[in-house]
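Note: hydrogens, waters and symmetry copies are ignored here, and every other heavy atom, side chains too, is used. Keep in mind the model is a prediction, meaning the values are calculated, not measured.
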Amino acid sequence: MNFSTNASNGTETFDEGFYLIAFNTLGNKNYLILTLVLIYLITLLCNLILLMVFLMNSSIQNPKFLAVCNLAVVDISINSVIIPQMVPVFVFNLSRITFETCFSQMFFLHFFGDMESFSLALLAYDRLIAICFPLRYPYINTNLRMGLIIAGLWFLVFLLEIFPVTLASNLPYCRSRVIQSCCCEHGPVYVLACGDTSLNKRLATAKSLVVLLGPLTFIILSYAVVVFTVLQIASATQRWKAFHTCLTHLVLVLIYYVPVILAYILGNMRLVQSKDLYTAILTVSVTLPPMLNPIIYSLKTEELRDKVLKFLMQQKVTPQLQIH
């Protein structure tokens, strides 16, 4: 992805890139980086196992698990954008990042962050149809329709991100090139520009409201309808079964939104004075859900749990057979 990035200083045009500066005041920043690397490795392992189980078992290749696999792809992608580049920057002090790399990272960072939110809303949609229209579910929510919805969401998020990032990339960066963050986030980058950034600020605020509050509102409303529908069921056993199918998704929603909301409160109320500590908290809060999502979904979904255990047992037995 090529963004035109010009920085002017008088009549000269130059490209010196940016410098990522974070965690300097943290005494144990290497432990933080090690923790993030472990989070990344577990994220890759768990989500790849989930995707392999889905591909190897035609019995679970349905709209519900198609939405789960979409979330797994997003989980792998967002942590792959954030964590691997932090190792050379903060372990080997290779803090310089080119303009093109910075704005490409900015796009994908926010793109997959937004997709995380919309992917959780997609799972809520699936549960809404399954519980409120159980007999019509196979006809309403087909694999093709779910695939089209997923493709539509990816395209929508692309449109939401491409304009703010392109606008930021065309600003003149003729002052400080030091980004006070561990990666090229939109906010810490565009504030370094020496031009008018009021439009960037308005766009960032509006987009944040759309991608966070939009899906969250849909999730809350969909579960309000689900609860109302479930309470109409006469059998207590059936009511519990219906609630239990939604429990896993609700846990994923809480894991994603609670840290984001807490980080927002901490930042706006200045409860954390250290910029580096706040950046560390924010980074962990963003990277932890992609690691936990496949673990929780595999443990709490009986059908998927059985398939995952069977897959793992096969991998354990196969090398022993090869030895004999």
Side-chain angles (χ1 to χ4, degrees), residues 20 22-23 26 28-51 67-87 89-91 105-106 108-124 157 181-188 208 211-212 215-216 219 247-268 271-272 274-301 304 308:
L20 294 167
F23 311 138
L26 291 181
N28 298 316
K29 75 173 183 179
N30 287 338
Y31 291 108
L32 172 64
I33 301 300
L34 178 61
T35 300
L36 291 171
V37 169
L38 289 174
I39 288 175
Y40 180 59
L41 293 176
I42 296 171
T43 300
L44 280 180
L45 177 64
C46 294
N47 282 289
L48 286 175
I49 288 175
L50 189 64
L51 290 171
V68 173
C69 287
N70 172 70
L71 181 62
V73 171
V74 172
D75 286 341
I76 291 173
S77 300
I78 189 169
N79 277 5
S80 296
V81 171
I82 296 172
I83 298 175
Q85 63 86 30
M86 292 176 64
V87 175
V89 171
F90 300 108
V91 175
Q105 185 191 54
M106 182 190 296
F108 289 111
L109 171 66
H110 291 286
F111 177 86
F112 289 115
D114 296 349
M115 273 305 304
E116 186 89 9
S117 185
F118 281 102
S119 297
L120 292 173
L122 184 64
L123 287 170
V157 175
S181 181
C182 61
C183 50
C184 286
E185 297 176 82
H186 183 253
S208 297
V211 302
L212 286 176
L216 181 59
I219 291 170
L247 181 61
T248 304
H249 177 246
L250 288 174
V251 172
L252 300 187
V253 170
L254 290 174
I255 286 174
Y256 175 75
Y257 280 102
V258 169
V260 170
I261 293 171
L262 288 178
Y264 179 82
I265 293 172
L266 290 174
N268 282 270
L271 297 177
V272 178
S274 170
K275 176 70 174 177
D276 286 343
L277 180 58
Y278 176 70
T279 302
I281 293 171
L282 189 61
T283 303
V284 173
S285 70
V286 170
T287 57
L288 201 57
M291 182 193 77
L292 296 176
N293 286 345
I295 297 173
I296 292 171
Y297 220 101
S298 299
L299 291 177
K300 298 294 293 183
T301 307
L304 184 57
V308 170

- Derivation and outcome, side-chain contact (heavy atoms from CB on, under 4.5 Å), residues Val260 and Leu212: CA-CA 9 Å; Val260 170; Leu212 286 176; 4.3 Å; yes
Please enumerate all residues that pass side chain to side chain contact (heavy atoms under 4.5 Å, CB included) together with [X], with sequence neighbours excluded.
| X | answer |
| --- | --- |
| Ala72 | Asn47, Leu50, Leu51 |
| Ile255 | Val251, Pro289, Leu292, Ile296 |
| Val89 | Leu20, Gln85, Ser95 |

Measure the spacing between [atom1] of [X] and [atom2] of [Y] and express it to the nearest 0.5 Å.
| X | Y | atom1 | atom2 | result |
| --- | --- | --- | --- | --- |
| Tyr278 | Thr283 | OH | OG1 | 10.0 Å |
| Asp114 | Leu109 | CG | CG | 9.0 Å |
| Phe118 | Leu123 | CZ | CG | 14.0 Å |
| Ile78 | Met115 | CD1 | CE | 11.0 Å |
| Leu36 | Met86 | CG | CE | 5.0 Å |
| Leu252 | Ile219 | CG | CD1 | 10.0 Å |

- Message: Suppose the criterion is side chain to side chain donor-acceptor pair (under 3.5 Å): which pairs have a residue in residues 251-261, not counting sequence neighbours?
- Response: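 For residues 251-261, and leaving out neighbouring residues, the side chain to side chain donor-acceptor pair (under 3.5 Å) pairs sorted by first residue read Ser117-Tyr257.
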- Query: Looking only at heavy atoms, what is the nearest atom pair of Cys184 and Gln105, with distance?
  - Reply: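 Heavy-atom minimum between the residues: N-OE1, 2.8 Å.
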Pairs of donor and acceptor atoms involving the side chains of residues 39-46, under 3.5 Å and at least two apart or interchain, shall be tabulated with distances.
residue: Tyr40; atom: OH; partner: Ser80; partner atom: OG; Å: 3.0
residue: Thr43; atom: OG1; partner: Ile39; partner atom: O; Å: 2.6
residue: Thr43; atom: OG1; partner: Asn79; partner atom: ND2; Å: 3.1

- Angle class for the Phe111/Phe108 ring planes (parallel below 30°, perpendicular above 60°, tilted otherwise)?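 Answer is perpendicular, since the angle exceeds 60°.
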- Item | Contacts of His186 that satisfy ring pair (Phe, Tyr, Trp, His ring centres under 6.0 Å) - sequence neighbours left out |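 Tyr190.
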- Item | Results of ring pair (Phe, Tyr, Trp, His ring centres under 6.0 Å) for Phe90 - residues two or more places apart only |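 Partners of Phe90 by the ring pair (Phe, Tyr, Trp, His ring centres under 6.0 Å) criterion, ordered by chain and then number, come out as Phe23.
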Under the side chain to side chain donor-acceptor pair (under 3.5 Å) test, which residues partner [X], sequence neighbours left out?
| X | result |
| --- | --- |
| Glu185 | Ser181 |
| Ser285 | none |
| Asn70 | Ser119, Trp154 |

- Message: Suppose we screen for disulfide bond (SG atoms under 2.5 Å apart). Which residues come up paired with Cys182, at least two apart in sequence or across chains?
- Response: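 So Cys182 forms no disulfide bond (SG atoms under 2.5 Å apart) with any residue.
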- Could you pull out all residues at least two apart from Asp75 that satisfy salt bridge (Lys or Arg N to Asp or Glu O under 4.0 Å)?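 Asp75 satisfies salt bridge (Lys or Arg N to Asp or Glu O under 4.0 Å) with no other residue.
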- Task: Evaluate the side-chain contact (heavy atoms from CB on, under 4.5 Å) criterion for residues Val37 and Val87: first the C-alpha distance (whole Å), next the side-chain angles of each, then the deciding distance (0.1 Å), finally the verdict.
- Result: CA-CA 8 Å; Val37 169; Val87 175; 3.8 Å; yes
- Query: Side-chain contact, heavy-atom cut-off 4.5 Å: Glu116 with Asn293?
  - Reply: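 Yes, their side chains come closer than 4.5 Å.
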